[in-house]
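Basis for what follows: all heavy atoms, side chains included, without hydrogens, waters or symmetry-related copies.
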Amino acid sequence: MPKLSLPLLQGAKQTDLDYRDLLPVNMMPVFKNIKGDQGYLLTVDGLESFAETSGVARGGYYNERFKKHFRVSGDKLESIGTDGSVDVLGVIPGNGICKFASSFNTQAILSDGRFFLYDNATLREVKSPNLGFPTDLTWFRGIYVLTDGENIYQTDITDEFSISPLKYVTSEFSNDPTLAVRQTENNQVVAFNSTSIEYFYFNPSVDVNVSVLTPVQGKSTKVGVAGSNCIAEMDGAYFCIGSRSGEEFKLFGVSGGGRAEAVSTRHVNQILSGRSRSELSGAVLESRYSDSQHVLLIHLSDCTLAYNHTIARKAGLESAWSVLKSGQDNDVYRAKFGVFDPRIGEWIYGDILESKLGKLSSDIASQYGEPTECECYTPINYLNGNIVLQSVTFQTIPGFSEIDTKLIYSFTDNGVTFGNESSFIVSESDKYKKEIKLRSGGMFTSMMGMKMRFISNSKQALSGCEIEYR
């Protein structure tokens, strides 16, 4: 009897005279050769309650110098203990996303155009008349570098609370505003503008009354960013939502050499297209490295996308994308502003819905005790004539769930809609050798595809399925 293998890393559908991707939901690809496939899908790590905070999350940072995990929750600056204890250090007014940087002496927090420094004892606001309304900052060779959208300026080397009116530069490669500043791995400052990127180096030979930031010639590029939070550092490069002038937004990877390369698929570009700059400027990108994989989270206003950079390099961009959600009806992933705390070796995330912090856990799929709903799809398989489906065998790892997990499946014979759902138990506690095989007598004429979903507190792995037909 003939057999057909159906991969699960990415599905497809037909819609509006086009083909669109069906991305896995709350499942991420893992690169490993399993029964002939390049990888398999694993439920994303769950969230456990870690701490109660003073408000919803506005940002976080681990200060290696002070050995402290800082958070801004609501309007409070907090220090988070290794046991989940919370120490309120002061007030950070505002309700926008906070930016962080640190020097040898202070922890810097930028909130709604106001600049604060904490010296491990006292929180003080920088009141320099030359501060302006800064929108982003970074630390670079003894100075804080800030931008107000037009200028790039710095604190004095001998006084972090002082800003000289003479030590201003502008990113003049293009006449667009500067939205963000970052430090690169090769010890330069990069200015992310709305339609360009320009690099600066520390020039110690300049006059004492001018800025030490000097443009790096020949390294600029005509790719800009949508906003100051649309940038994240990962695997030695910066990733950003941006575009060239006159083009729609996409996801770029910007290497240390200044080269910008698009890493988003056509489907992801379609998700970003049609959104205004003002909407995308509120997007937040953040990265993490866990389980030997580099993952980028893209928090949009109505959904959260996950890009697995490790999978993209080994198996291609098309297999590297998935969608994250919280709960069974919430389209937005609630975990945000992740900080790796090396004191406990754990990723700690803020929460955008409640005043608390969550710890990422690879042992569970649930989020704060609530089960997670996962989905995955097969591609559309175009058939040469009629077939009668005899059986479907799923490749999974049964037996490790605490509660029996039911897999719900359905078929499509038109590439647009899925039919009635059926279910079977995919995992029973301690039954490690159970064969996941279902019988079916369905007939398909020209095409066939499948959708699988399950709701569980336990993690599940699916590496593909095989059908027998006649």
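Checked by atom type and distance alone, the side chain of K459 pairs as donor or acceptor with a backbone atom of T43 at under 3.5 Å. Listed for the S73 side chain is no donor-acceptor partner under 3.5 Å among the backbone atoms of K76. When atom types are taken as modelled, the side chain of E286 and the backbone of G338 share a donor-acceptor pair closer than 3.5 angstrom. Side chain of Q460 to main chain of L407: no donor-acceptor pair is present (N/O by atom type, distance under 3.5 Å, no hydrogens or angles). Between the side chain of R275 and the backbone N or O of F249, no donor-acceptor pair lies under 3.5 Å. Using a distance-only test at 3.5 Å, with no hydrogens or angles considered, no donor-acceptor pair links the side chain of S422 to the main chain of Y409. Between the side chain of D176 and the main chain of T195, a donor-acceptor pair closer than 3.5 Å is present. With T155 contributing its side chain and I143 its backbone, the two residues share no donor-acceptor pair below 3.5 Å. A distance-only check finds a donor-acceptor pair linking the side chain of D351 to the backbone of L353 [under 3.5 Å]. Not a single donor-acceptor pair under 3.5 Å links the side chain of T106 to the backbone N or O of A108.
Side-chain contact of S362 with D45: a donor-acceptor pair under 3.5 Å is absent, judged by distance alone. Judged purely by distance below 3.5 Å, without hydrogens or angles, the side chains of Y349 and R288 pair a donor atom with an acceptor atom. At a cut-off of 3.5 Å, with distance as the only test, a side-chain donor of R20 or Q270 sits close to an acceptor on the other residue.
The side-chain tip of K359 does not point at the ring of F50 from less than 6.0 angstrom away and within 45° of straight on. Geometrically, R124 engages F161 in a cation-pi contact, judged by NZ or CZ lying under 6.0 Å from the ring centre and within 45° of the ring axis.
Between E125 and R114 there is a salt bridge, since at least one side-chain N of the basic residue sits less than 4.0 Å from a carboxylate O of the acidic one. For the pair D87 and K68, the salt-bridge criterion is not met [side-chain N within less than 4.0 Å of a carboxylate O]. By the 4.0 Å N-to-carboxylate-O rule, E421 lies close enough to R453 to be salt-bridged with it. Salt bridge K356/E354: present, at least one basic N to carboxylate O contact under 4.0 Å. Ion pairing between R343 and E346 fails under the 4.0 Å rule for side-chain N and carboxylate O.
Put simply, the side chain of L285 reaches to within 4.5 Å of the side chain of I241, judged on heavy atoms. Contact of the V189 side chain with the Y199 side chain is not registered, since no non-hydrogen atoms from C-beta on lie closer than 4.5 Å. Between R182 and F140 there is no side-chain heavy-atom pair separated by less than 4.5 Å. Between E318 and H267, every side-chain heavy-atom pair lies at or beyond the 4.5 Å cut-off.
No option in K219, R141, Q183 other than K219 meets the side-chain hydrogen bond (donor to acceptor under 3.5 Å, both in side chains) test with Q188.
Other residues, nucleotides and ligands place more than 12 heavy atoms under 6.0 Å from the NZ atom of K451. Other residues, nucleotides and ligands contribute more than 12 heavy atoms inside 6.0 Å of the CG atom of D112.
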| query | side-chain contact (heavy atoms from CB on, under 4.5 Å) between D21 and V268: does it pass, once the steps are laid out? | reply | CA-CA 9 Å; D21 296 338; V268 173; over 6 Å; no
| task | Test ring pair (Phe, Tyr, Trp, His ring centres under 6.0 Å) on F70 and Y61 and set out the steps. | result | CA-CA 5 Å; F70 291 105; Y61 186 89; 7.7 Å; no
| request: Kindly indicate, with the supporting measurements, whether the criterion ring pair (Phe, Tyr, Trp, His ring centres under 6.0 Å) is fulfilled by F340 and Y289. | output: CA-CA 9 Å; F340 182 75; Y289 180 76; 9.5 Å; no
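To the nearest 0.5 Å, the span separating CG on L137 from NZ on K99 amounts to 8.0 Å. The CG atom of D235 sits 12.0 Å away from the OG atom of S255 when rounded to the nearest 0.5 Å.
Note on ring orientation: taking the six-membered ring where Trp is involved, the planes of Y144 and W139 are perpendicular (angle over 60°, cut-offs 30° and 60°).
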